[in-house]
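The structure appears right after this line, and notes come after that.
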Amino acid sequence: MQISPEMIDCLRSSRRICALTGAGVSQESGLRTFRDAQTGLWSQYKPEDLATPEAFQRDPKLVWDWYAWRREALKGVRSNAGHFALARMAENLPGFVLVTQNVDGLHRLAGNQQIIELHGNIQRVRCIDGHGTFESWITGEDGIGRCPECGAFLRPDVVWFGEPLPRLEFENAISAARSCDVFLSIGTSGIVQPAASLPYAARNRGAKIIEINLEPTPLTNKADYFLQGRSGEILPALVEAVFGITGAAIEDPRR
Ligand code: OAD
C-alpha cells in the first residue's frame with residue numbers, strides 16, 4: 001500500500017467524492033464475498049443460481065431459506081474499520097456520496113446516514129405482487145413470508161440477477177459518478193453491471209479513480225491510483241492521512 005502525498009492532495013482538494021463499495025468491504029466483518037465458495041448446507045449451490053427470479057419461481061422455499069440463512073449469519077456481525085472510515089469521510093466531506101452493492105446494512109450500522117443501496121437490503125422484504133415493502137413479516141405454514149395486504153409470497157427486497165436496479169438509486173448513483181472529482185472503487189470485483197460502469201462514467205468526466213482491492217480487477221489499469229490490500233486497513237490509513245483522524249476516533253468520533 002502506498003498513500004502518496006499526491007493522492008492526499010487530490011482527496012483534500014476535491015469537492016465531490018463518490019465511493020462505490022462491494023462485498024470486499026464486509027469481508028473483514030467475517031462475511032464471505034459474493035464470489036467466495038459457499039459452505040455447509042449451501043455449498044452445492046452457486047449464489048448466481050439462487051439469486052434469480054427464475055429460482056424463486058421454481059422453488060420459492062429454497063430461495064427464501066437461503067436468504068433466511070444469510071440474515072441469520074448477519075446477526076452479531078459488526079461493521080469493521082473500513083465501514084467506520086467511510087462514515088468519517090462522509091462527515092468530513094460535504095460532497096461525499098456513498099454507493100454500495102452490499103445488501104448487508106453494515107454501512108448504516110457504522111453511521112453512514114445517506115447510502116445509495118443499488119442492490120437493495122436483505123433485512124427488507126417485498127410483496128411479489130407489488131403491495132409494499134416490509135421490515136417485519138409473518139410466514140405461512142411453509143415457512144415463506146406472506147404479504148399482510150394480499151397474502152402473496154414475500155421476497156427479499158434485493159436485486160436479483162437479470163433484474164433492473166431500482167431506478168432512482170441508479171439515477172442518483174450515475175449522477176454522483178458523473179459529477180465527482182474523485183471516484184473510490186472499494187472491495188468490488190467490478191464485473192456486475194450496471195454498477196461496474198460507474199467508475200467509467202466518472203473517469204469519462206475527468207474524475208480521478210482510486211481503487212482499493214486485495215487483487216487487481218478489470219478497473220485497475222484504468223485507475224489513477226491502486227491501493228492493494230484490505231479495505232479495513234487502507235481506508236482508516238487514508239482517513240488518517242487526509243483528515244488527521246486516528247485510531248479509536250475512527251470508530252467513535254466522540255473520542
Ligand atoms: P465480489 O465477491 O464479486 O468481489 C469482492 C471483491 O472484493 C474482490 O475483487 C476481492 O478481491 C475484494 N476483496 C475481498 N476481500 C477484501 C478486503 N478485505 N479488502 C478489499 N478488497 C477485498 O463482490 P462484489 O463486487 O460486491 O449482485 O459483487 C458485485 C455484485 O455481484 C454483488 O452485489 C452481487 C453479485 O452478484 C447481486 O446480487 C445483484
Side-chain angles (χ1 to χ4, degrees), residues 1 3 19-39 42 45-56 63 66-67 69-71 73-74 77-86 98-107 110 115-124 126 155-167 169-170 173 183-200 209-223 225-239:
M1 177 196 19
I3 298 177
L20 171 69
T21 63
V25 167
S26 296
Q27 186 264 342
E28 287 155 86
S29 292
L31 296 179
R32 267 185 296 281
T33 67
F34 222 79
R35 262 148 264 284
D36 282 345
Q38 302 213 85
T39 54
W42 299 97
Y45 300 101
K46 285 197 295 201
E48 289 88 336
D49 296 334
L50 294 167
T52 68
E54 293 76 23
F56 190 72
V63 174
W66 182 56
Y67 279 94
W69 173 77
R70 290 178 59 194
R71 268 183 222 110
L74 266 174
V77 168
R78 292 189 65 238
S79 310
N80 65 56
H83 296 110
F84 287 114
L86 287 167
L98 179 60
V99 183
T100 189
Q101 299 165 89
N102 299 342
V103 297
D104 56 32
L106 292 179
H107 284 303
I115 305 153
I116 300 178
E117 291 182 321
L118 281 183
H119 292 167
N121 191 304
I122 197 171
Q123 305 296 359
R124 288 190 312 258
R126 68 172 196 262
R155 55 160 282 178
D157 191 21
V158 299
V159 175
W160 282 334
F161 290 100
E163 293 185 321
L165 300 193
R167 195 171 58 88
E169 274 76 4
F170 189 63
F183 189 97
L184 290 163
S185 175
I186 312 160
T188 173
S189 53
I191 54 177
V192 175
Q193 295 292 357
S197 67
L198 292 171
Y200 298 91
I209 309 293
I210 300 177
E211 184 183 34
I212 299 172
N213 201 304
L214 275 185
E215 294 162 7
T217 72
L219 178 68
T220 306
N221 64 12
K222 300 273 189 289
Y225 306 100
F226 176 54
L227 298 173
Q228 186 160 16
R230 294 169 180 274
S231 51
E233 292 165 10
I234 294 174
L235 285 167
L238 260 187
V239 164

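Remember, predicted model here, so these are calculated numbers, not experimental data. Remember, it's 1-based here, ligands and their atoms both numbered in the order they're listed.
Scanning all protein heavy atoms for the shortest distance to atom 32 (C) of ligand 1 gives H119 ND1, 3.9 Å. Nearest protein heavy-atom neighbour of atom 13 (N) of ligand 1: G24 CA, 3.5 Å. With respect to atom 19 (N) of ligand 1, the closest heavy atom belonging to the protein is S231 N, 2.9 Å. With hydrogens left out, the protein atom closest to atom 36 (O) of ligand 1 is F161 CZ, 2.7 Å, a heavy atom. In terms of protein heavy atoms, atom 39 (C) of ligand 1 is closest to V159 O, 3.4 Å. For atom 25 (O) of ligand 1, the closest heavy atom belonging to the protein is T188 OG1, 2.7 Å.
Heavy-atom proximity to atom 10 (C) of ligand 1, evaluated over T52, N213, T100, is greatest for N213. The residue among Q228, Q101, E211, R32 with a heavy atom at the shortest distance from atom 29 (C) of ligand 1 is Q101.
Of the possible donor and acceptor atoms, one in the side chain of N80 sits under 3.5 Å from a partner among the backbone N and O of V25. A donor-acceptor pair under 3.5 Å is formed between the side chain of T100 and the backbone N or O of N102. D157 contributes no side-chain N or O that, together with a main-chain N or O of N121, makes up a donor-acceptor pair within less than 3.5 Å. Distance alone, capped at 3.5 Å, places no donor-acceptor pair between the S26 side chain and the S29 backbone. Remark: side-chain polar atoms of T217 are not paired, donor with acceptor, to backbone N or O of S189 under 3.5 angstrom.
In summary, the atoms of ligand 1 found under 4.0 Å from a heavy atom of E28, numbered by their order in the structure, are 17 (C), 18 (N), 19 (N). For ligand 1, the atoms closer than 4.0 angstrom to any heavy atom of A23 are 23 (O), 24 (P), 26 (O). Atoms of ligand 1 found under 4.0 Å from any heavy atom of G229 (numbered from 1 in listed order, with element): 19 (N), 20 (C). Near G187, meaning under 4.0 Å from any of its heavy atoms, are these atoms of ligand 1: 5 (C), 6 (C), 7 (O), 21 (N). Those atoms of ligand 1 that come under 4.0 Å of a heavy atom in G22, given as number and element, are 26 (O).
The minimum heavy-atom distance between A195 and L20, with the atom names listed, is O-CD2, 3.8 Å. Taking every heavy atom of both residues into account, L118 and P166 meet most closely at O-CD, 3.2 Å.
Counting heavy atoms under 4.0 Å from ligand 1, residue W160 does not touch it at all. Under 4.0 angstrom from ligand 1, the non-hydrogen atoms of V192 all belong to its side chain.
Inspection of the E211 and T220 side chains reveals an N or O donor paired with an N or O acceptor under 3.5 Å.
Side-chain contact check for F170 versus S197: some heavy-atom pair is nearer than 4.5 Å.
In this structure, W160 and F56 have tilted ring planes: the angle between them lies in the 30° to 60° band.
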